[in-house]
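Down below is the structure, laid out as structure tokens.
A, B, ... follow the sequence lines: proteins, then strands. Residue 1 opens every chain. Just so it is clear, the structure is predicted and the values come from calculations on it, not from any experiment. Only heavy atoms go into these numbers, but all of them, side chains included; no hydrogens, no water, no symmetry mates.
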2 protein chains.
Amino acid sequence: MDIVRRNTDYAARLMVHLAKHYGNGPISTRTAAAEEQVPYQLACKLMQKLNNAKLVTSCMGPKGGFVLGAEPSKISLLEVVEVIQGPISMNRCVLNEDACSRKTICTVREKLIDLQKIITKGLAAITLDELTRRGRSNRNTGKRKRIKQ
Amino acid sequence: MDIVRRNTDYAARLMVHLAKHYGNGPISTRTAAAEEQVPYQLACKLMQKLNNAKLVTSCMGPKGGFVLGAEPSKISLLEVVEVIQGPISMNRCVLNEDACSRKTICTVREKLIDLQKIITKGLAAITLDELTRRGRSNRNTGKRKRIKQ
DNA sequence: ATCATATAAGATAATATATGTCTTATATAA
DNA sequence: TTATATAAGACATATATTATCTTATATGAT
Ligand code: SF4
Ligand code: SF4
């Protein structure tokens, strides 16, 4: 099972789509879903969730659609993940204090808590803003492979 | 759904148990399962998987059981995770090159690949060895950064 | 006012995955 | 030979995710 689930991936695509068109008025779910290859009915449900969480704002009626709830640079991938699939959980004992009776004698738990923090911070650092920038977004990671032959 | 699944958690407990008794001959699954509060039949299946992966060695017959396949300091939590639940996958496109047709135009994928590497390295850095040491194993006051590249 | 378009909400079905249990076979020390 | 323990895999159950379907509601345009 993937950490980022399919629906979350769909939602991320839709959010990036909105980010790309930020400032140009509402984008209908139908067109966003079509362009981002997300099943339309599913897209509707996902947009509802995002709307409830105020990550987007709905505009009903013809010529309606959704607009980002904030600037692309203010919305992180972590927020999308948490809205769609809930918080990241390294193990059941990490979020739920009394999920495991062995908590007090367990040596693994603390390690997993540390790791979870790292993951969460990593996702929080990815903004929609940078996800709209194609090709040049990883210029400062020292990674540059992809030199065309 | 938790990143570390229940069966993996069980397996980790069993492995830590074996690590605690490393050098004292084989430990039967029955006693390990009882002490670590793992359903016996499930424990058998998990030990089989660990055995196939050479993380433990089986000794059949009475007074038999399992012994770690290597020193506790040589076995990481990552290995246990991968044997029981398969490799960590941030998203389906990360491991499976052709899981998504959008791969070439996707800005999210590279970010997730980076994150996955961090998680994997984090799990690989946790050895059974340190999981046997109880009572605040991070004596250097919680500042465990430096995940080795 | 009416209509076409688009969101809102939630029930339901279909899949996929994970977990737990059971049965039978096999190896080996005592 | 026997008691103990692993080996292997079928089977059943539980849970979670994904997809679809239906009905209701809001709103701009005609
Ligand atoms: S055994 Fe430890 S790591 Fe596993 S669920 Fe319990 S407290 Fe968490
Ligand atoms: S859209 Fe991007 S991140 Fe999502 S599965 Fe496809 S390649 Fe991976």
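- Hydrophobic clustering (ILVMFWY, side-chain heavy atoms < 4.5 Å, transitive): A:L115 and A:I113 are in one cluster.
- Atoms CE (B:M1) and P (C:dT17) sit 11 Å apart, rounded to a whole Å.
- Between A:N51 and C:dT7, a side-chain N or O to OP1/OP2 separation shorter than 4.0 Å is absent.
- Put simply, NZ on B:K54 is 14 Å from C1' on D:dA7, counting in whole angstrom units.
- Looking only at distances, no side-chain donor or acceptor of B:T8 sits under 3.5 Å from a matching main-chain atom of B:V4.
- Without hydrogens or angle criteria, B:R109 side chain to B:K103 main chain gives no donor-acceptor distance under 3.5 Å.
- Contacts between residues 77-98 of chain B and DNA chain D, defined by a heavy-atom separation under 4.0 Å, are absent.
- Across the protein-nucleic acid pair, A:L42 atom CG and C:dA8 atom P stand 16 Å apart, rounded to whole Å.
- One interatomic measurement links the two molecules: CG of A:L46 to C1' of D:dT18, which rounds to 10 Å at whole-angstrom precision.
- Rounded to whole Å, atom C1' of C:dT17 lies 14 Å from atom CG of B:D2.
- Scanning residues 6-33 of chain B for heavy-atom distances under 4.0 Å to DNA chain D yields B:S28, B:T29.
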Q. What string of B, S and - do you get for nucleotides 22-30 of chain C, 5' to 3', when a contact is any protein heavy atom under 4.0 Å?
A. BB--BBBB-

